[in-house]
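Convention: sequence-line order gives letters A, B, ...; per-chain numbering from 1.
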There are 2 protein chains.
Amino acid sequence: MKETSHPDAALLQVDAPHRELLDQVLDKWSLQVLDVLCGHPRRFNELRREIPVVGQKSLTATLRRLERNGMIERHVISTRPLAVEYRVAPLGDTLNELIDALLRWTTANMPEVARARARFDDDDENEDE
Amino acid sequence: MKETSHPDAALLQVDAPHRELLDQVLDKWSLQVLDVLCGHPRRFNELRREIPVVGQKSLTATLRRLERNGMIERHVISTRPLAVEYRVAPLGDTLNELIDALLRWTTANMPEVARARARFDDDDENEDE
DNA sequence: CGGTATCCATTGCGATACTG
DNA sequence: CAGTATCGCAATGGATACCG
């Protein structure tokens, strides 16, 4: 009976609290931001340059959310004009290991996913009589 | 120099292809569906009952996407009225291990996140002079 | 039963303009 | 520089109705 690949599957359910946290922390931009930030701290506009597709508003929102959840820290350097530095908090670092695991998974399985997509799309085309 | 907790951080970048795949596979409902399906196969309306908050339209979309990416398989049983069974594909099973890792992470760090939020929200209130 | 099609409210999100 | 505020559009996603 090896329907599930690991024994404690029943204990791990995706309930509301888990979902809410994962949503806050694995959302559209958080992965990128956290991953980029993990190398070394960045300033706000440095992040914008490194992730050009994200709008300023979304970036701000993402940073605030990550900060609120303890994933990153925001340091204001009161120079003129002022500077703000973002860096990963210890908690965010533990999460980043999981993100890297996800990245390794995508890298490893990208070809197989591509095959699955090709198969699916082909079957779809041929099924109109 | 231990800025990053693991050596290969530079090799793992969240680029467009990775993001696209993760978006398809870790989106709002996929986690739930995949996790539920991992126990044993389900019929369409069984899934609806087990995840009552998801709309029928979104569930269909999620199932199609997961199927297209090779995460699950769809089996039509041509009885009257017809039945459709969804089950995890091998590829989906490997992904599910990562999902469980994420769930373990949330479970383990939920308290610390809660503290971080309380701190953040408190600071926020007190900062209006 | 297992969907698809349509309608509609809500939200997400980028672009722009403005502030300390 | 590092945001906030406002606008407007496009995409989500639920509710409903209908089909094989």
Side-chain angles (χ1 to χ4, degrees), chain A residues 14 16 19-20 22-33 36-37 40-68 72-87 120-121 123-125 127-129, chain B residues 14 16 19-20 22-33 36-37 41-68 72-87 120 123-125 127-129:
Chain A
V14 188
R19 279 292 330 280
E20 195 251 9
L22 287 176
D23 275 0
Q24 298 238 334
V25 131
L26 290 178
D27 83 323
K28 189 163 188 179
W29 302 117
S30 297
L31 293 183
Q32 241 111 318
V33 170
V36 167
L37 239 42
H40 60 89
R42 308 290 161 97
R43 308 258 304 268
F44 185 80
N45 282 331
E46 285 181 308
L47 283 171
R48 293 202 67 187
R49 274 188 291 277
E50 297 212 40
I51 315 175
V53 283
V54 64
Q56 173 190 53
K57 189 171 149 189
S58 303
L59 181 56
T60 306
T62 302
L63 289 169
R64 285 286 179 284
R65 194 163 350 113
L66 288 176
E67 187 196 359
R68 190 173 108 91
I72 63 175
E73 290 163 11
R74 179 174 179 272
H75 294 279
V76 182
I77 306 160
S78 298
T79 54
R80 264 299 345 250
L82 66 80
V84 176
E85 198 182 65
Y86 292 95
R87 62 179 66 213
F120 184 92
D121 295 344
D123 292 0
D124 232 38
E125 282 178 20
E127 85 182 1
D128 50 335
E129 72 290 4
Chain B
V14 189
R19 279 293 333 277
E20 195 250 8
L22 287 176
D23 274 0
Q24 299 238 335
V25 131
L26 290 177
D27 82 323
K28 189 165 187 180
W29 302 116
S30 297
L31 294 183
Q32 243 109 318
V33 170
V36 167
L37 239 42
R42 307 291 162 97
R43 305 261 303 270
F44 185 79
N45 283 330
E46 285 181 308
L47 283 170
R48 293 202 67 187
R49 274 188 292 277
E50 298 211 42
I51 315 174
V53 284
V54 63
Q56 172 191 53
K57 188 169 148 189
S58 304
L59 180 56
T60 305
T62 302
L63 289 170
R64 286 286 179 283
R65 195 165 348 123
L66 288 176
E67 189 196 357
R68 190 172 108 91
I72 62 175
E73 290 164 10
R74 180 176 180 267
H75 293 279
V76 182
I77 306 162
S78 298
T79 55
R80 266 297 344 253
L82 66 82
V84 176
E85 200 183 63
Y86 293 94
R87 62 180 64 214
F120 184 92
D123 292 0
D124 231 39
E125 281 178 21
E127 86 183 0
D128 51 336
E129 73 285 9

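Between A:I72 atom CD1 and D:dA2 atom C1' the separation is 14 Å, expressed in whole Å. With rounding to whole Å, A:L63 atom CG is found 7 Å from D:dG3 atom P.
Distance check, rounded to the nearest 0.5 Å: CG of B:L59 to CZ of B:R64 gives 10.0 Å. Between the CD1 atom of B:I72 and the CG atom of B:L63 there is a distance of 4.5 Å, given to the nearest 0.5 Å. With values rounded to the nearest 0.5 angstrom, A:L22 atom CG is found 9.5 Å from A:E20 atom CD. The line from CG of B:L37 to CG of B:L47 is 5.5 Å long, rounded to the nearest 0.5 Å. In this structure, A:R74 CZ and A:F44 CZ are separated by 9.5 Å, a value rounded to the nearest 0.5 Å.
When the side-chain nitrogen and oxygen atoms of A:Y86 are compared with OP1 and OP2 of D:dG3, one or more of them lie within a distance under 4.0 Å. Neither OP1 nor OP2 of D:dC1 sits under 4.0 Å from any side-chain N or O of A:R80. OP1 or OP2 of D:dA2 has not a single side-chain nitrogen or oxygen of A:R64 nearer than 4.0 Å.
Side-chain N or O atoms of B:S30 include none that pairs as donor or acceptor with a backbone N or O of B:L26 at under 3.5 Å. With hydrogens and angles ignored, the 3.5 Å screen pairs a side-chain donor or acceptor of B:T62 with a backbone N or O of B:S58. Side chain of B:E46 to backbone of B:R43: a donor-acceptor contact under 3.5 angstrom is found. Checking side-chain atoms of B:N45 against main-chain N and O of B:R48 turns up no donor-acceptor pair under 3.5 Å.
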Could you list, one pair per line, each protein nitrogen or oxygen that sits under 3.5 Å from a nitrogen or oxygen of nucleotides 9-11 of chain D, together with the distance?
none

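First and last contacts of DNA chain C with chain B, using any nucleotide atom under 4.0 Å from a protein heavy atom and ordered 5' to 3', fall at C:dC1 to C:dC7.
Counting heavy atoms from C-beta outward, B:W29 and B:V53 have side chains that approach closer than 4.5 Å. The shortest side-chain heavy-atom distance between B:Y86 and B:V84 falls under the 4.5 Å cut-off.
A:R87 pairs by the salt bridge (charged side-chain N to carboxylate O under 4.0 Å, His left out) definition with A:E85, not counting sequence neighbours. Legend: residues meeting side-chain hydrogen bond (donor to acceptor under 3.5 Å, both in side chains) with A:R19, ordered by chain and number and at least two apart, are A:D23, B:Q32.
The end-to-end axis angle of the helix from C:dC1-D:dG20 to C:dG20-D:dC1, rounded to 10 degrees and based on five pairs per end, is 40°.
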How does each nucleotide of nucleotides 14-20 of chain D score, in 5' to 3' order, for protein heavy atoms under 4.0 Å: base (B), sugar-phosphate only (S), or none (-)? BBBB---
